[in-house]
Amino acid sequence: HPASRLALKVFENWTTGRALRRYVDSLDPVADDEEITAQVSNVLFADAYFSHAVYLVTFARQAAIPAIGRVLYRGGNGDIATKPRQRNNDTIIFFTEFYRRGYKSEHGKAAIHRMEEIHSRFLIDEDLKRYTMATVMLEPDRLAKQFGVDPFSDVDRQGRWNFWRGLAREMGFELPADTREGFLQWMTEYEAAHYANTPDGEGCFEGLVQDWLRWYPPHLPRREWLARQSLAGLLDPPLRAAMGAEDPPAWVQAQINLVARTYLGSTQLRVFRKNRSLVNYFGRDRANPRNLESVGHTPMQARERAGRQPD
């Protein structure tokens with residue numbers, strides 16, 4: 001019967017976290033690193049709220065390094081200060097395309113080239129690139145550990161390590177360690193040596209708070225205060241100090257802990273579409289978010305030329 005076949009087709013497009021975890025753990029973390037990363041980062045954990053939270057913490061870690069904070073904030077002229085939501089959406093779109101395209105295909109290399117084209121406009125040395133890569137690669141696991149939950153497996157951790165290491169090589173630099181554990185140690189030592197509270201870092205945090213407000217309804221009392229406190233509650237103490245953020249009240253922190261632990265702990269029980277992608281949420285304001293030539297930072301001169309174009 002046509003209706004039955006349609007229902008079966010719809011049902012076949014859905015899976016559970018448990019089933020997807022079994023599939024991922026059946027793969028080879030070396031040969032299948034691209035598939036593992038795509039399934040874990042762009043399907044299993046492709047809930048917009050969770051992914052956005054991880055991204056904002058990742059961004060805060062970068063802004064806590066003064067040399068990166070200066071590049072990001074640019075005296076209040078950086079995109080994180082002037083249009084934080086679009087700026088962050090665009091970066092997440094890039095991540096989703098890395099997950100979808102991989103780094104070995106021509107399409108994947110084109111995405112990496114486009115990202116490098118944007119980065120070439122700023123003075124970013126090799127160690128800053130390495131630290132930025134560390135935040136992207138390792139923050140999901142660090143944040144989960146911060147809340148006492150581990151929703152990942154050894155296979156997907158190793159697969160994601162191989163993926164990001166391969167992507168770094170395509171970007172033209174080597175990581176400072178041969179193992180994931182060694183890279184994590186390098187990262188934490190780098191933070192201990194370089195984290196500092198600066199006006200640039202605090203300015204970036206303000207932009208992150210403004211973007212985090214997207215999850216708080218406009219009519220909610222004390223909306224901005226709640227957004228600021230909950231975002232601060234996602235940061236560990238050294239990062240919170242670098243951002244100039246106050247410790248949230250105990251009841252706010254308890255709520256954050258409960259939500260995080262419940263979400264991460266229920267990974268295998270959740271049901272979702274097999275073909276879902278973060279681009280469906282973060283790219284919805286763009287006509288063609290997968291055209292990366294139109295996504296990301298635009299130099300001021302190009303913006304001015306675009307502004308002079310007739311309607």
Side-chain angles (χ1 to χ4, degrees), residues 20 23-46 51 54-55 58-59 61-62 88-122 124-142 152-184 186-187 274-280 282-283 288-297:
L20 188 54
Y23 168 66
V24 166
D25 287 348
S26 73
L27 299 175
D28 185 302
V30 176
D32 302 318
D33 61 329
E34 291 177 310
E35 175 68 1
I36 289 171
T37 303
Q39 293 298 325
V40 172
S41 301
N42 210 23
V43 181
L44 185 58
F45 292 103
S51 296
V54 174
Y55 169 79
T58 297
F59 194 107
R61 287 205 183 280
Q62 296 167 17
N88 293 337
N89 283 355
D90 283 356
T91 301
I92 294 172
I93 288 171
F94 265 98
F95 291 156
T96 66
E97 284 302 283
F98 291 150
Y99 303 148
R100 186 175 73 91
R101 303 183 189 195
Y103 62 90
K104 301 171 187 175
S105 71
E106 291 306 312
H107 288 300
K109 291 177 180 179
I112 295 169
H113 176 76
R114 168 64 178 149
M115 176 68 83
E116 283 296 275
E117 178 190 0
I118 293 172
H119 287 169
S120 68
R121 300 168 189 158
F122 310 102
I124 305 174
D125 67 28
E126 292 296 290
D127 271 352
L128 297 184
K129 288 184 179 181
R130 293 184 181 104
Y131 181 73
T132 299
M133 180 64 74
T135 64
V136 173
M137 180 195 297
L138 301 173
E139 190 54 43
D141 302 78
R142 290 185 72 180
F152 306 105
S153 72
D154 291 340
V155 170
D156 84 53
R157 250 189 291 270
Q158 192 61 34
R160 286 181 288 122
W161 157 257
N162 290 328
F163 175 89
W164 289 110
R165 184 169 59 170
L167 193 142
R169 287 172 177 164
E170 283 297 327
M171 293 175 70
F173 65 93
E174 291 287 336
L175 300 183
D178 293 328
T179 65
R180 183 184 175 281
E181 293 73 20
F183 193 31
L184 176 59
W186 177 90
M187 180 187 190
K274 295 178 182 177
N275 63 345
R276 71 173 178 166
S277 168
L278 289 168
V279 78
N280 296 335
F282 294 100
N288 185 9
R290 285 176 167 156
N291 175 17
L292 296 184
E293 293 304 315
S294 64
V295 176
H297 175 263

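- Considering only heavy atoms from C-beta on, F152 comes within 4.5 Å of P140 through its side chain.
- Between R165 and D178 there is no salt bridge, since no side-chain N of the basic residue sits under 4.0 Å from a carboxylate O of the acidic one.
- Cation-pi geometry between R130 and F183 is not met at under 6.0 angstrom from the ring centre and within 45 degrees of the axis.
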Exercise for review: Verify side-chain contact (heavy atoms from CB on, under 4.5 Å) between V43 and L20, making sure each step is shown before the conclusion.
Suggested key: CA-CA 9 Å; V43 181; L20 188 54; 3.7 Å; yes
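- Judged by distance alone, the side chain of S277 and the main-chain N or O of N280 form no donor-acceptor pair under 3.5 Å.
- With R160 as reference, V40 is the one residue of V136, V40, V155 to meet the side chain to side chain contact (heavy atoms under 4.5 Å, CB included) rule.
- R276 contributes no side-chain N or O that, together with a main-chain N or O of N42, makes up a donor-acceptor pair within less than 3.5 Å.
- Between the OG1 atom in T132 and the CG atom in D127 there is a gap of 10.5 Å [rounded to 0.5 Å].
- In this pair, W164 and F95 present their aromatic rings perpendicular. The plane angle is above 60°, beyond the 30 to 60° band.
- With sequence neighbours excluded, the residues forming a salt bridge (Lys or Arg N to Asp or Glu O under 4.0 Å) with D154 are R157, listed by chain and number.
- Scanning both residues, S51 and A46, for their nearest heavy atoms gives OG-CA, 4.1 Å.
- Formation of a donor-acceptor pair under 3.5 Å by the S153 side chain with backbone atoms of D25 is not found in this model.
- Nearest approach of G182 to A177, heavy atoms of both residues: C-CB, 3.4 Å.
- Salt bridge R180/D141: present, at least one basic N to carboxylate O contact under 4.0 Å.
- Classified by interplanar angle (parallel below 30°, tilted 30° to 60°, perpendicular above 60°), the ring pair F163/Y103 is perpendicular.
- Here the closest non-hydrogen pair linking D33 and V30 is OD1-O, 3.3 Å.
- Atoms CE and CG, from M137 and L184 in turn, are 10.5 Å apart once rounded to the nearest 0.5 Å.
- Residues K129 and D125 are not paired through a salt bridge, judged by the lack of any N-O separation under 4.0 Å between the basic side chain and the carboxylate.
- Contact annotation: the side chain of T135 never approaches that of R142 to less than 4.5 Å [non-hydrogen atoms, C-beta and beyond].
- The side-chain heavy atoms of M133 and L175, taken from C-beta on, include a pair separated by under 4.5 Å.
- Between atom CG of residue L138 and atom CZ of residue R61 there is a gap of 10.0 Å, rounded to the nearest 0.5 Å.
- Annotation: salt bridge (Lys or Arg N to Asp or Glu O under 4.0 Å) contacts of D28 (sequence neighbours excluded): none.
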Exercise for review: Take E126 and Y131 through the side chain to side chain donor-acceptor pair (under 3.5 Å) test and state the conclusion after the steps.
Suggested key: CA-CA 9 Å; E126 292 296 290; Y131 181 73; over 6 Å; no
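- Side chain of D32 to backbone of L27: no donor-acceptor contact under 3.5 angstrom is found.
- A distance of 15.0 Å separates CZ in F98 from NE2 in H107, rounded to the nearest 0.5 Å.
- In this structure, T58 OG1 and E139 CD are separated by 4.5 Å, a value rounded to the nearest 0.5 Å.
- Looking at T37, its side chain never comes within 3.5 Å of a backbone N or O of E34 through a donor-acceptor pair.
- Remark: S41 OG to R100 CZ distance equals 15.0 Å, nearest 0.5 Å.
- Q39 is not listed as a side-chain neighbour of Y99, based on a closest heavy-atom distance of 4.5 Å or more.
- The heavy-atom pair separating K109 from K104 by the smallest distance is CE-O, 3.5 Å.
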Practice item. Step by step, work out the side-chain contact (heavy atoms from CB on, under 4.5 Å) result for F282 and T96. Key: CA-CA 9 Å; F282 294 100; T96 66; 5.9 Å; no
